[in-house]
Amino acid sequence: MSRSRHFAPFAGLVLAALGAFPAASFAAGGRVRVVATLPNLGSIASAIAGDRIDLTVIATGTQNAHFVDPKPSYMVKLRNADLLLINGLDLEIGWVPPLTQGARNPKILLGAPGHVDCSAGIRVVEVPMTLSRAEGDVHPYGNPHYLTDPLNAEVVAGTIAGALKRVDPAGAGAYEAGRKAFVKKLHEAVFGKDLVDLAGGAKLSREAAAGTLDGFLDDTSVGGAPLRSRLGGWLGKMQAVRGEPVISYHKDYSYFAARFGIRVAEYVEPKPGIQPSAKHLEDLARLLSQGDIRLILTRPYVEHRSTDSLAEKAGVKVVTIPLEVGGAPEATDYFTLFDFATDRIAQALAAGPPPAGR
Ligand SMILES: [Zn+2]
């Protein structure tokens with residue numbers, strides 16, 4: 001209570017200062033104040049910009065990004081921000097609009113240069129024919145969990161670097177160097193350093209984006225062996241489990257599944273954001289009893305009763321994998337998040353016989 005009374009005059013001073021001297025904050029050696037709604041966006045921004053930015057991340061990696069409590073303390077951070085990075089596609093619809101309205105910072109309002117929707121340029125999947133939030137569906141513009149495909153981070157890195165250059169032109173060279181270093185590290189993590197050195201990260205990324213990577217790896221030979229034999233990184237690790245059907249709690253692994261070749265056969269939630277009914281859980285138990293599916297993927301912030309019960313009945317594994325940096329102690333940045341996810345999935349599916357029909 002007392003905090004809000006102290007806070008109002010202070011905020012007024014800050015707004016006045018920003019209005020009067022819009023460029024003064026960087027000229028004085030200050031850093032660009034960046035607020036990211038989600039940890040993955042923060043991790044990418046940090047990798048690109050390092051010490052040039054003063055970064056604040058609102059949600060934690062163990063929170064459900066769809067449902068974050070818009071606390072007044074976040075408004076304070078937004079009031080002073082030069083840049084706001086959001087996931088977009090309505091992922092944060094329940095909490096970012098109230099926060100930006102409360103912050104009254106014109107620099108980060110929709111349409112201002114400091115308002116950065118990181119879904120720009122992303123090829124969105126599962127876009128519905130008609131916009132609808134019927135029955136509580138929380139994916140009205142298509143699937144918003146695009147950063148579960150690590151190659152989409154290349155697009156996001158371009159968007160974030162572009163925004164940083166706009167608000168801090170003096171740092172343009174540093175941001176471009178940061179972006180390039182991030183993309184190089186990303187390509188090596190996705191494809192393995194050996195293959196990147198041979199074929200080039202940009203070429204591999206283009207083939208992957210076009211859906212022609214498999215053909216390229218199988219049809220191109222180096223020293224008498226197909227390029228596929230040089231595939232490493234996360235894709236190399238996941239080759240052994242390609243085609244594996246899994247059940248996922250929420251419809252949040254569509255991009256991951258497409259990139260790494262696993263198949264999400266069913267969801268614990270009948271629709272994104274809707275809790276499973278007893279009938280739906282019975283249907284899932286019946287599906288699991290057929291023996292093809294050996295793994296249920298769940299998230300840190302959802303109820304575990306349904307998945308534990310299903311796994312116990314069917315004798316399958318259930319693993320909890322975060323979607324965001326900080327969702328597990330091992331996931332300290334965007335790279336270790338995927339190290340962790342691919343390790344856990346590959347290990348869970350490595351033991352035991354392959355499903356029937358493979
Ligand atoms: Zn979702």
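Counting starts at 1 for both ligands and their atoms, following the listed order.
Sorted by first and then second residue, the salt bridge (charged side-chain N to carboxylate O under 4.0 Å, His left out) pairs with a member in residues 328-342 form an empty list; sequence neighbours excluded.
Ring geometry, Phe335 versus Trp234: the interplanar angle falls from 30° to 60°, so the pair is classed tilted.
Excluding waters, the count of protein N/O/S atoms less than 2.8 Å from the Zn ion (ligand 1) comes to 4.
A donor and an acceptor atom, one from each side chain of Lys237 and Thr342, are located under 3.5 Å apart.
You'll find the side chain of Pro144 reaches within 4.5 Å of the side chain of His139, heavy atoms only.
Each of Leu85 and Leu109 belongs to its own hydrophobic cluster when Ile, Leu, Val, Met, Phe, Trp and Tyr are linked at side-chain heavy-atom distances under 4.5 angstrom.
Taking 4.0 Å as the cut-off between side-chain N and carboxylate O, Asp214 and Arg242 count as a salt-bridged pair.
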